[in-house]
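Everything on this sheet refers to the single structure shown next.
Just the heavy atoms: all of them, side chains too, but no hydrogens, waters or symmetry mates, feed the values below.
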Amino acid sequence: MNPRKLRNTAKLIVLAVSVLCVSSCGGSSSSRPATNTGVELGSEDLLETGLQGQVPMADQLSGRAAQGYHKGLRLVGQNTILDRGANFSMAWLDDCAYVTTTSPGQIFGPTSSPYIDPQYSALNGMAVIDASDPENPELIDILQSPAMIAPHESIQANQARHIIVATRGGGTAFDVYDATDCRKPVLTASINIGVGITLPALPDLPGGIGTIDQGLPFMGHAMCITDDGLTAYATSSAQSNAVIDLTDIENPSLIQLYSPASHDCGLNPEGTRLYQANFGFVSLGLGLPNGPAVGQNGMMILDVSGFQDRSTPPSPFMFGTQPPLVGFLGWSNLLDGEAPSAGSHTARWFKNGGRTYVYSSDEWPTAGVCPWSHSRIIDVTDEANPVKVSDIILDVNKLENCAQTEIDIANYSAHYVGFDDVNNATTLFMSYYTGGLRVWDIRDPANPFEIAYWHPAPNPNTPAVFLSEGFGSSGDRWDSVATYIRYRPETGHIWLAAYSAGFQILEFTASAGPTAPKPTGP
C-alpha cells in the first residue's frame with residue numbers, strides 16, 4: 001500500500017475514534033472571541049473554529065482546515081519552493097530569505113519519505129529566495145553542501161558580515177557562506193566539529209553529497225551567532241556546545257566544546273552573555289523548580305566575554321570548561337503544566353521599557369504529548385536573579401483541553417520567535433507548529449495578549465508523507481509553522497516559512513487592532 005492510501009486509511013481510523021471521543025467528551029468548543037477585545041473582525045478574517053490554536057479533527061476531515069485560519073493578517077506573496085515540503089528553518093539578509101529542509105525521512109525512516117534520504121534529492125538544502133518584490137518572491141537556487149543538506153534548526157545569517165552558517169543535523173559538518181550578494185551565496189568553508197563517523201561515499205545519485213555524517217561528542221542541532229558575526233555557538237541538545245571562531249570565513253576554527261549542552265541559545269548585542277536553553281534530560285521533567293543548572297530544564301546565563309574577546313584560548317584537548325555561570329532560572333515541566341517530555345528550547349534576548357528580557361519557549365515537537373509546551377517571558381535585568389514575569393499559554397496547551405486536542409493528530413508545541421524591534425519590543429511573533437503563527441502584544445511583558453494569528457493553507461501538491469502529522473504537516477489537511485519569524489519595520493511585512501506552503505510574506509489588517517506595529521517607511 002502506498003503512503004497516501006495508508007494515510008487515508010489512518011484518517012478513517014482517526015475519524016471513528018474521534019466520533020467516540022466527541023460523544024463521550026461533550027463535543028467540541030464553540031468559536032472563540034477575538035483576543036483583543038473591542039476590535040472589529042474584518043472581512044478577510046477566517047477564524048479558528050475550535051480552541052485557541054486548534055485545527056480540529058472535524059475541520060480536517062470536512063476540508064475546512066485546508067482553507068487555513070487567520071485573524072488580523074493577510075497574505076502578500078508566496079513561493080512554494082517547488083512544492084518540496086519539509087520547510088523547517090529560515091534565515092535572512094537584506095531582501096533575501098534562506099529556507100532549509102528537515103526531511104521527514106530523518107525522523108520516520110527512509111521508507112516514509114519521498115526523498116528517501118535528504119542527500120538523494122535536489123530539492124533538499126538551502127532555498128535562496130529574492131523577496132525584493134514582496135508580491136512575487138522568486139526562488140533563485142537550492143544550494144547543497146555537507147551541513148546545508150540537512151541543517152535541522154541551525155541556519156543563521158549575520159547582517160554585519162553578510163555570512164550564513166549552519167551545522168549538519170546530528171553530524172559534525174559546519175558550513176560558512178559569503179552572501180555579500182544576498183542572491184548568490186558562495187560556500188567559503190566546510191569543516192568538521194569534534195569527532196564523528198563519516199561512512200564511505202554513497203552511490204553517485206543526483207543531488208547527492210555522497211557521505212553520511214554522524215557526530216559523537218558533538219551532534220549539530222541549532223545555533224546562535226554574535227551580532228558582530230565573529231563567533232558562533234552551535235548546540236547539540238544532549239552532548240556538548242561548540243564555540244566557533246568565524247574571524248576568517250575561509251578558515252573557521254573550533255575554539256572548544258563544553259558541557260552542559262543546550263537545545264538552542266541566544267546572545268546579547270555585545271556578545272558577552274549567552275542565554276542557554278537547557279533541555280532537562282536528567283530531570284526528565286520532574287526536577288525541582290529552579291533546581292541545579294545541570295540536568296534541569298531552564299535557562300542559563302553564561303559569561304562568554306572570554307570567547308568574544310578571545311582571551312579564552314582554544315582548548316588543545318577540544319573540550320574546555322563551561323563559561324562562568326552568571327544566573328539561572330529553572331522549572332519543572334509537570335508543575336508548569338506541560339508533559340514530562342517537554343524541554344527548554346528557545347532563549348532570545350530583547351529589551352522593553354528600559355528593562356532586559358529573554359523570550360523562552362519549551363518544546364516537544366510530536367503529536368500525542370498533551371499538554372504541549374508553552375512559552376514564558378523572563379526578566380534578566382538583574383542577571384544574577386532572573387525572574388519569570390509571564391507565561392504565554394494557548395488554549396491548546398492546557399491540560400483541561402487534552403481530550404479535545406489529542407484526537408487532532410497534530411503538534412501544538414511552541415517553537416521559535418521574532419520581534420518587531422529587539423531593542424524596544426512591543427510585538428512578539430511565535431511559530432507554533434500546527435498552531436501556526438501567533439502574534440502577541442508585549443508592551444507590558446507581564447500581561448501579554450494575542451492580537452493576530454495565521455494558519456497557512458496547506459499545499460496539496462507537496463509529496464504525501466505517511467505519519468508526518470506527528471511532526472510537520474499533513475500536506476492536504478493542515479500546515480505547520482516552525483521557523484524564526486522576520487518583521488520588516490520599513491514595510492510592515494512579516495516573513496515565515498511553512499512546512500508545505502513554503503515561503504510567505506504577510507501584513508497586518510485592521511482587525512489586528514490599534515497596537516499592531518505600523519510600517520515606518522514611506
Checklist entry - Distance-only, no hydrogens or angles: does the D228 side chain make a donor-acceptor pair with backbone N or O of L230 under 3.5 Å? => result yes
Checklist entry - Do Q54 and D408 get their side chains close enough for a donor-acceptor pair, meaning under 3.5 Å? => result yes
Checklist entry - With a 3.5 Å cut-off and no angle check, do the side chains of S305 and D309 form a donor-acceptor pair? => result no
Item to check | Validation row: W454, V439 side chains within 4.5 angstrom (heavy atoms) | outcome: no
Item to check | K71 side chain vs I451 backbone, donor-acceptor pair below 3.5 Å | outcome: yes
Checklist entry - Taking atom types as modelled, is there a side-chain donor on Q159 or D94 under 3.5 Å from an acceptor on the other? => result yes
Next on the checklist: Regarding Y177 and S145, do their side chains bring together a donor and an acceptor under 3.5 Å, going by distance alone?
Outcome noted: yes
Checklist entry - Would you find a donor on one side and an acceptor on the other, under 3.5 Å apart, between the side chain of S390 and the backbone of A446? => result no
Item to check | Qualifying residues under side-chain contact (heavy atoms from CB on, under 4.5 Å), relative to C370, sequence neighbours excluded | outcome: W372, C402, T405, E406
Checklist entry - Can you list every pair that meets salt bridge (Lys or Arg N to Asp or Glu O under 4.0 Å) and has a residue in residues 239-265, with sequence neighbours left out? => result D245-R310
Item to check | Full working for side chain to side chain contact (heavy atoms under 4.5 Å, CB included) between L246 and R161 | outcome: CA-CA 10 Å; L246 297 174; R161 300 183 68 200; 3.9 Å; yes
Checklist entry - Taking the side chain as C-beta and beyond, is there a heavy-atom pair between I225 and I163 under 4.5 Å? => result yes
Checklist outcome for this item: Here the salt bridge (Lys or Arg N to Asp or Glu O under 4.0 Å) pairs for residues 350-362, sequence neighbours left out, are R355-D379, D362-R376
Checklist entry - If you take all heavy atoms of S375 and M430, which pair is closest and at what distance? => result OG-SD, 3.8 Å
Checklist entry - For the residue pair Y359 and Y416, what are the closest heavy atoms and their distance? => result OH-O, 4.3 Å
Item to check | Under-4.0 Å salt bridge between D420 and K518 | outcome: no
Next on the checklist: When you measure from the side chain of T426 to the backbone of R443, do you find a donor-acceptor pair of N or O atoms at a distance under 3.5 Å?
Outcome noted: no
Checklist entry - Does any donor atom in the side chain of N158 or Q156 lie under 3.5 Å from an acceptor atom in the other side chain? => result no
Checklist entry - Would you find a donor on one side and an acceptor on the other, under 3.5 Å apart, between the side chain of N352 and the backbone of I442? => result yes
Pair up each side-chain donor or acceptor in residues 342-349 with any protein partner under 3.5 Å, not counting sequence neighbours, and list the distances.
| unit_1 | atom_1 | unit_2 | atom_2 | d |
| --- | --- | --- | --- | --- |
| S344 | OG | G298 | O | 3.1 |
| H345 | NE2 | E153 | OE1 | 3.3 |
| H345 | NE2 | E153 | OE2 | 3.3 |
| H345 | NE2 | E363 | OE1 | 3.3 |
| H345 | NE2 | H415 | NE2 | 3.4 |
| T346 | OG1 | S361 | OG | 3.2 |
| T346 | OG1 | H415 | O | 3.0 |
| R348 | NE | C265 | O | 3.2 |
| R348 | NE | Y484 | OH | 3.1 |
| R348 | NH2 | C265 | O | 3.3 |
| R348 | NH2 | Y484 | OH | 2.8 |

Item to check | Test item: E383 and V380 side chains (from C-beta on) under 4.5 Å apart, heavy atoms | outcome: no
Checklist entry - Can L267 and D227 be said to form a side chain to side chain contact (heavy atoms under 4.5 Å, CB included), step by step? => result CA-CA 8 Å; L267 290 144; D227 283 5; over 6 Å; no
Checklist entry - Mind checking what makes ring-ring contact (aromatic ring centres under 6.0 Å, His included) contact with Y432, not counting sequence neighbours? => result none
Checklist entry - For the side chain of S240 and the backbone of L257, is there at least one donor-acceptor N/O pair under 3.5 Å apart? => result no
Checklist entry - Under the 3.5 angstrom rule, does the side chain of S154 hit a backbone N or O of M223 as a donor-acceptor pair? => result no
Item to check | Shortest non-hydrogen separation from N241 to S236 and the atoms involved | outcome: OD1-N, 4.0 Å
Checklist outcome for this item: Nearest heavy-atom approach of Q239 to S259 is O-OG, 3.1 Å
Item to check | H374 and D336: side chain donor to acceptor below 3.5 Å | outcome: no
Item to check | Check: Y258 main-chain N/O paired with Q322 side-chain donor or acceptor under 3.5 Å | outcome: no
Item to check | Polar side-chain atom of R273 near backbone of I301 as donor-acceptor pair, under 3.5 Å | outcome: no
Next on the checklist: Please determine whether side chain to side chain contact (heavy atoms under 4.5 Å, CB included) holds for the pair L437 and L73, giving the CA-CA distance in whole Å, both sets of side-chain angles, and the decisive distance to 0.1 Å.
Outcome noted: CA-CA 10 Å; L437 166 70; L73 293 166; 3.9 Å; yes
Checklist entry - Is S262 reaching over with its side chain to a backbone N or O of T235, donor-acceptor style, under 3.5 angstrom? => result no
Next on the checklist: Testing the 3.5 Å rule here: is there a donor-acceptor pair between the side chains of W331 and E338?
Outcome noted: no
Item to check | Test log, rule side-chain hydrogen bond (donor to acceptor under 3.5 Å, both in side chains), inputs D175 and S190 | outcome: CA-CA 4 Å; D175 294 348; S190 185; 2.5 Å; yes
Checklist outcome for this item: What one should report as the nearest heavy-atom pair of A189 and P252 is CB-CD, 3.4 Å
Checklist entry - Minimum heavy-atom separation for V387 to L329, with atom names? => result C-CD2, 4.4 Å
Item to check | side-chain contact (heavy atoms from CB on, under 4.5 Å) involving A131 - partner list, sequence neighbours excluded | outcome: P137, W495, F503, I505
